[in-house]
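What follows is a single structure, written as structure tokens, with notes after it.
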Amino acid sequence: MAELPILQFEEKIIETVERNSVVVIIGETGSGKSTQLSQILHRRGYTNSGVVGVTQPRRVAAVSVARRVSQELNVRLGEEVGYAIRFEDRTSERTRIKYLTDGVLLRESLSNPELDQYSVIILDEAHERSLNTDILLGLMKRLVKRRASNLKVLITSATLDGDKVSQFFSNCPVLNVPGKLYPVEILYSNERPKSYLESSLKTALDIHIKEPKGDVLIFMTGQDDIEKLVSKLEDRVRSLEEGSVLDAIILPLHGSLQPEMQVRVFSPPPPNCRRFIVATNIAETSLTVDGVVYVIDSGYVKQRQYNPSTGMYSLEVVQISKVQANQRAGRAGRTRPGKCYRLYPSVAYHEELLDATIPEIQRSSLAGSVLYLKSLDLPDIDILTFDFLDSPSSESLQDALKQLYLIDAIDENGLITRVGKTMAELPLEPSLSRTLMEANECGCLSQALTVAAMLSAETTLLPGRSKSTEKKRKHDHLDLPDGSGWGDHIQLLQIYECWHQTHYDIDWCKDRGLQVRGMTFVKDVRKQLCQIMQKIAKGSLDVQTSRRGKQTQQDYNNLRKALCVGYANQLAERMVFHNGYRTLGFKPQVVQVHPSSVLKPDDEGKFPNYVVYQELIATSRPYLRTVCAVNVAWVTPILNKVNKLNINKLSGGSGHIEEHAEGNISDLPKKDAVTAVPDDQESKIQAARERFLARKGKK
DNA sequence: GAGCACTGC
């Protein structure tokens, strides 16, 4: 511990913190900032007047760092040193150093906007620029002015954007704390390879043949290229002359892998063996693999981004930033000097790569964040001029306002409603919160709670796709309920209710290819949501458990109605001549129901006229993922609302609009605005539909 | 008839 570089800077840090309310700390990997900053402040008396809170973007980090600090201070975890993450608050009255996820701190500030139990707040890993960290940065800027006398804020960041953070906080001081990394030699390619996959393969084999022992970490963009590279590497390594090189183990590592498979990466390899870990950017920050000496950096990452004018997400392979490139390289120098092979030329690094990754706040739908900020109800905060470190576009903010208006969270003047205030209390995206509120009125809260919880865990429910599980799923398809013709939300409800009836049998999940971990998470979320709803409704709540498991068509109707109200901002109408949908409320997009949906065309080959959707995402083409059929009678009032929408008023203006501001809205709901499908494509679709009907007829 | 990077309340 005494070797940690940060300890040599203790005096300097304390001196600077004494004189300034905000300090930026540039702490490189291995500097010990996450564990030591809080202890330094504790030693110097900052915990006498309040708690030192340290935020982390990830749960595991909050827990593991808290655990280490409690060991170093030789106290029991949960007493002087504790942590708070969702579902787990291990703090007590005695807690002086508290690690928490930034999401938890945001929740805390909802009920206590001044955060007055804290004497110091440390925003750790701020350079990762998570959505929550960015909101916190804005709130801290305001808070240090209000609590100038008794609050210190420390922000840890990366070398490349420390100055920017400092400027944001009125040029506050920046302290550099060196890390304890071993040197990493950077090797560039002469030119960009035609295929980064082939280039990675070649580089990996070169290392294997020429370089001394040490594991290789290879950064790819996703499951597909990981699987390809793994199989190619296996072939080529096997064909090398036996005994001429080390044995090789090749391991994929990505988020959709079963956790048991991920663990393999952390168990030490057998002797005289080189491991090749082929990973997504999960290995950049979330997971640290010991023993890595060589890093191969393709220079690419798969990134999700949101288009506020269409309401559509897309996943795109984009170039990484310099911060990311350095982070990747750093992975080679944790145990001894290493090498990083960048599969792009040096000039590309310097001239093409952005300094920092585009922050999440500029790549996401902001409905949830805007609702959160509105619900804080701070008179001195105006959303459209909120002081962000990097502002989202006004288009994105207006999109959020529009969405919130359509689900009654704000009124036509942009003011938060009672419904909106309640929605913000729920740890859910606004559409789902609104669904719960409506369900409480419709008498189907129990079912809605289940759907909300299932949707919160959806990606961790199904096992990662692979050839074998795919076959299995197809085979076992009949074992899962079918949504009774209404779609995916109803199916999710039915799945959980079936499980409930087995008294939460683990084998029931396994037999159906459902991840036990995911289903357990659903159960936890449902319980949490139930508790919050109970608190909000003060007992006037309809969480009928006696009727659970025996859903009637009437229950499904009520639930679909509640979903329609909640997802008024994610509504689509089927097109007249084919099974495509056009989105309503956004610049209209022609989209298809995702083939993985349980919602299928009826006997005439047609989908329902209206659906609400959980997500609109462009992969190979634009798809609606997770859809639920809704009735036209529920849709009509929403469309009226869309027509009345006045974005200028919503943004807090007078409502007397300049011409071009209106232009944005007038192209929203018009029936014949969609001409995106050219005639020849239209006829192709018509032909496809005829073929489909013909096939159906034969059966 | 296609496939989703990573987090979090």
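Naming: A, B, ... by sequence-line order, numbering from 1 per chain. Any value given below was found using the heavy atoms of this structure, including those in side chains, with hydrogens, waters and symmetry copies removed.
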Quiz prompt | Gap between atoms OH and C1', on Tyr306(A) and dT7(B) respectively (whole Å) | solution = 19 Å
Practice problem: From the options dC9(B), dC6(B), dG3(B), select the nucleotide whose nearest atom is closest to the side chain of Arg107(A). | Solution: dC9(B)
Exercise. Respond yes when some side-chain nitrogen or oxygen of Ser130(A) is under 4.0 Å from OP1 or OP2 of dC6(B), and no when none is.
Key: no
Quiz item: NA contact type, Leu315(A), heavy-atom cut-off 4.0 Å: base, sugar-phosphate, or nothing?
Solution: base
Exercise. Please confirm whether Arg363(A) makes a cation-pi placement over Tyr306(A), using NZ or CZ under 6.0 Å from the six-membered ring centre and within 45° of the ring normal.
Key: no
Self-check item: Atom-pair distance (CG on Leu426(A); P on dG8(B)), nearest Å
Solution: 20 Å
Quiz item: When all nucleic acid strands are considered with a 4.0 Å heavy-atom cut-off, which category describes Asn132(A): base, sugar-phosphate, or nothing?
Solution: nothing
Self-check item: Integer-rounded Å distance: dT7(B) P and Leu100(A) CG
Solution: 19 Å
Quiz prompt | Nearest-0.5 Å distance, CZ of residue Arg192(A) to CG of residue Leu343(A) | solution = 9.5 Å
Quiz item: Does the side chain of Gln223(A) get closer than 4.0 angstrom to OP1 or OP2 of dG3(B) through an N or O atom?
Solution: no
Exercise. Identify whether any heavy atom of Val104(A) sits under 4.0 Å from a base atom; if not, whether one sits that close to sugar-phosphate; answer base, sugar-phosphate or nothing.
Key: sugar-phosphate
Exercise. Could you check which of dC6(B), dC9(B), dG3(B) has an atom nearest any side-chain atom of Arg59(A)?
Key: dC9(B)
Self-check item: Given dA5(B), dC9(B), dG8(B), the nucleotide with the shortest approach to the side chain of Arg58(A)
Solution: dG8(B)
Exercise. Would you mind classifying the nucleic acid contact of Ile617(A) as base, sugar-phosphate or nothing, using non-hydrogen atoms under 4.0 angstrom?
Key: nothing
Exercise. Assign Ser596(A) to base, sugar-phosphate, or nothing according to its heavy-atom contacts below 4.0 angstrom with the strands shown.
Key: nothing
Exercise. Can you figure out which of dC6(B), dA2(B), dC9(B) approaches the side chain of Asn281(A) most closely?
Key: dC6(B)
Quiz item: At under 4.0 Å between heavy atoms, what does Ser286(A) touch on the DNA or RNA strands: base, sugar-phosphate, or nothing?
Solution: sugar-phosphate
Quiz item: Nearest to the side chain of Pro595(A), which nucleotide is it out of dC9(B), dA5(B), dA2(B)?
Solution: dA2(B)
Self-check item: The single option from Arg434(A), His489(A), Gln614(A) passing side-chain hydrogen bond (donor to acceptor under 3.5 Å, both in side chains) against Tyr567(A)
Solution: Gln614(A)
Practice problem: Return the nearest nucleotide to the side chain of Thr101(A); candidates are dC9(B), dC6(B), dA2(B). | Solution: dC9(B)
Quiz item: When you measure from the side chain of Ile282(A), which nucleotide among dC6(B), dG8(B), dG3(B) comes out closest?
Solution: dC6(B)
Quiz item: Cationic tip of Arg304(A) within the cone over Tyr313(A)'s six-membered ring, i.e. under 6.0 Å and within 45° of the normal?
Solution: yes
Quiz item: For residues Asp399(A) and Gln403(A), is any side-chain donor paired with an opposing acceptor at under 3.5 Å?
Solution: yes
Practice problem: Taking only the side-chain heavy atoms of Arg621(A) (C-beta and beyond), determine which of dA5(B), dC9(B), dA2(B) contains the nearest atom. | Solution: dA2(B)
Quiz item: When the nearest nucleotide of DNA chain B is assigned to Pro57(A) and to Val301(A) on a heavy-atom basis, which residue is associated with the more 5' position?
Solution: Val301(A)
